[in-house]
Amino acid sequence: MKHESKGSRRALVIAILAVAAIGIGFLADFIITCFEKHAYPREYAEYVEAYAEQYGVPETLVFAIIRTESSFDSGAVSSAGAVGLMQILPDTFEWLTNEILFDHLESGMLYDPETNIKYGTYLLSRYYDRYGDWKLVFAAYNGGPGNLDKWLEDPEYADGEGGLKKIPFRETRNYVRKVTDAWDTYERLYGEEYQAETVQ
């Protein structure tokens with residue numbers, strides 16, 4: 001009888017410990033996810049959602065670009081003069097507004113979150129229409145389409161299948177990896193249907 005009682009108590013203790021371990025595991029996952037979502041926010045979601053849908057760009061990708069470019073600081077200005085959330089150069093903005101979309105906006109509008117997201121997302125879609133590969137889009141966004149076109153024609157960098165085997169600019173190479181990593185994280189955290197491409 002005593003033997004059965006000890007066995008029952010032991011089984012009960014093991015069951016309680018197992019449930020506690022499972023609970024602690026779920027709690028740890030929840031806390032980690034909360035910290036990650038704080039580090040990978042979805043600020044300006046209303047604008048991202050609207051223009052991502054309008055221009056056919058994954059929402060998670062736009063968030064990844066914003067996080068990498070400006071950390072969601074709408075007043076950010078780079079050493080090269082790129083402005084705002086998606087770090088658009090005034091010359092690029094002038095070209096887009098005057099010659100492509102014909103909105104004729106002043107470059108000061110780049111500090112406006114909605115305007116910056118609209119034109120940054122449009123530029124991503126334009127590059128995707130041109131290159132058809134998100135890794136190449138990231139390279140064009142950072143290194144410029146002119147440089148990318150040269151790399152794609154150079155057998156030292158081109159892979160012979162329309163892509164790149166190597167990106168010569170270290171900054172652009174690192175940028176492509178950072179954006180892709182951020183995109184992967186946004187996918188995992190927010191469950192979008194899109195999947196980031198693996199960057200070699």
Side-chain angles (χ1 to χ4, degrees), residues 40-152 162-164 167 169 171-184 186-187 192 194-197 199:
Y40 290 82
R42 296 179 73 252
E43 295 180 41
Y44 309 105
E46 66 273 28
Y47 304 139
V48 172
E49 290 169 5
Y51 293 112
E53 180 178 1
Q54 181 174 341
Y55 297 126
V57 177
E59 291 176 22
T60 46
L61 188 157
V62 179
F63 284 120
I65 292 282
I66 294 173
R67 184 184 186 277
T68 303
E69 289 284 359
S70 69
S71 297
F72 293 87
D73 178 4
S74 62
V77 180
S78 75
S79 58
V83 177
L85 293 171
M86 298 184 74
Q87 291 290 278
I88 302 171
L89 288 167
D91 287 349
T92 302
F93 183 67
E94 182 178 343
W95 168 68
L96 288 172
T97 59
N98 292 335
E99 298 181 34
I100 306 300
L101 296 180
F102 306 107
D103 293 332
H104 304 291
L105 301 176
E106 296 294 328
S107 61
M109 289 297 293
L110 281 170
Y111 291 99
D112 173 64
E114 181 177 6
T115 302
N116 198 286
I117 289 170
K118 174 183 177 179
Y119 283 93
T121 304
Y122 173 76
L123 189 59
L124 291 171
S125 74
R126 188 176 177 88
Y127 286 158
Y128 188 76
D129 288 343
R130 180 172 176 176
Y131 298 108
D133 179 287
W134 286 117
K135 183 172 72 170
L136 296 179
V137 170
F138 303 155
Y141 198 87
N142 177 264
N147 285 320
L148 178 56
D149 290 341
K150 291 177 184 176
W151 301 336
L152 288 170
L164 294 173
I167 298 174
F169 289 0
E171 178 187 335
T172 300
R173 188 164 62 245
N174 291 337
Y175 177 84
V176 170
R177 290 198 181 101
K178 285 179 183 178
V179 172
T180 303
D181 288 346
W183 189 15
D184 282 335
Y186 272 103
E187 285 290 308
E192 297 290 339
Y194 305 97
Q195 295 297 320
E197 296 177 10
V199 176

Quick one: pull up [atom1] in [X] and [atom2] in [Y] and give me the separation to the nearest 0.5 Å.
{"X": "Y128", "Y": "F138", "atom1": "OH", "atom2": "CZ", "result": "10.5 Å"}
{"X": "Y186", "Y": "T60", "atom1": "OH", "atom2": "OG1", "result": "9.5 Å"}
{"X": "S74", "Y": "L85", "atom1": "OG", "atom2": "CG", "result": "5.5 Å"}
{"X": "Y44", "Y": "F63", "atom1": "OH", "atom2": "CZ", "result": "11.5 Å"}
{"X": "S70", "Y": "I65", "atom1": "OG", "atom2": "CD1", "result": "10.5 Å"}
{"X": "T92", "Y": "I100", "atom1": "OG1", "atom2": "CD1", "result": "11.0 Å"}

Would you indicate whether the side-chain heavy atoms of [Y] and [X] approach each other to under 4.5 Å?
{"X": "S107", "Y": "E94", "result": "no"}
{"X": "I88", "Y": "Y141", "result": "yes"}
{"X": "V176", "Y": "K135", "result": "yes"}

Pairs of donor and acceptor atoms involving the side chains of residues 115-124, under 3.5 Å and at least two apart or interchain, shall be tabulated with distances.
| from | atom 1 | to | atom 2 | distance (Å) |
| --- | --- | --- | --- | --- |
| T115 | OG1 | D112 | OD2 | 2.6 |
| N116 | OD1 | M86 | N | 2.8 |
| N116 | ND2 | V83 | O | 3.0 |
| N116 | ND2 | L110 | O | 2.8 |
| K118 | NZ | D103 | OD2 | 3.4 |
| Y119 | OH | D103 | OD2 | 2.1 |
| T121 | OG1 | I117 | O | 2.7 |
| Y122 | OH | R126 | NH1 | 3.2 |

Looking only at heavy atoms, what is the nearest atom pair of [X] and [Y], with distance?
{"X": "P58", "Y": "W183", "answer": "CG-CZ2, 3.9 Å"}
{"X": "Y131", "Y": "A140", "answer": "CE1-CB, 3.9 Å"}
{"X": "A64", "Y": "V179", "answer": "CB-O, 3.9 Å"}
{"X": "S78", "Y": "Q87", "answer": "CB-OE1, 3.1 Å"}
{"X": "L152", "Y": "L164", "answer": "CD2-CD2, 3.7 Å"}
{"X": "F93", "Y": "E106", "answer": "CE2-O, 3.3 Å"}

Determine all donor-acceptor pairs shorter than 3.5 Å in which one atom belongs to a side chain in residues 47-55; sequence neighbours excluded.
| from | atom 1 | to | atom 2 | distance (Å) |
| --- | --- | --- | --- | --- |
| E49 | OE2 | R42 | NH2 | 3.3 |
| Y51 | OH | E114 | OE2 | 2.8 |

R67 to F72, cation-pi by 6.0 Å centre distance and 45° axis angle: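 Verdict for F72: no cation-pi partner in R67.
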side-chain contact (heavy atoms from CB on, under 4.5 Å) evaluation trace for V57 with W134: CA-CA 10 Å; V57 177; W134 286 117; 4.0 Å; yes
Within 6.0 Å of CD in E171, more than 12 heavy atoms from elsewhere: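 At most 12 heavy atoms, drawn from other residues, nucleotides or ligands, come within 6.0 Å of this atom.
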W151 ring center within less than 6.0 Å of F169 ring center: yes
N174 vs R177, side-chain contact (heavy atoms from CB on, under 4.5 Å): CA-CA, chis, key distance, verdict: CA-CA 5 Å; N174 291 337; R177 290 198 181 101; 4.0 Å; yes
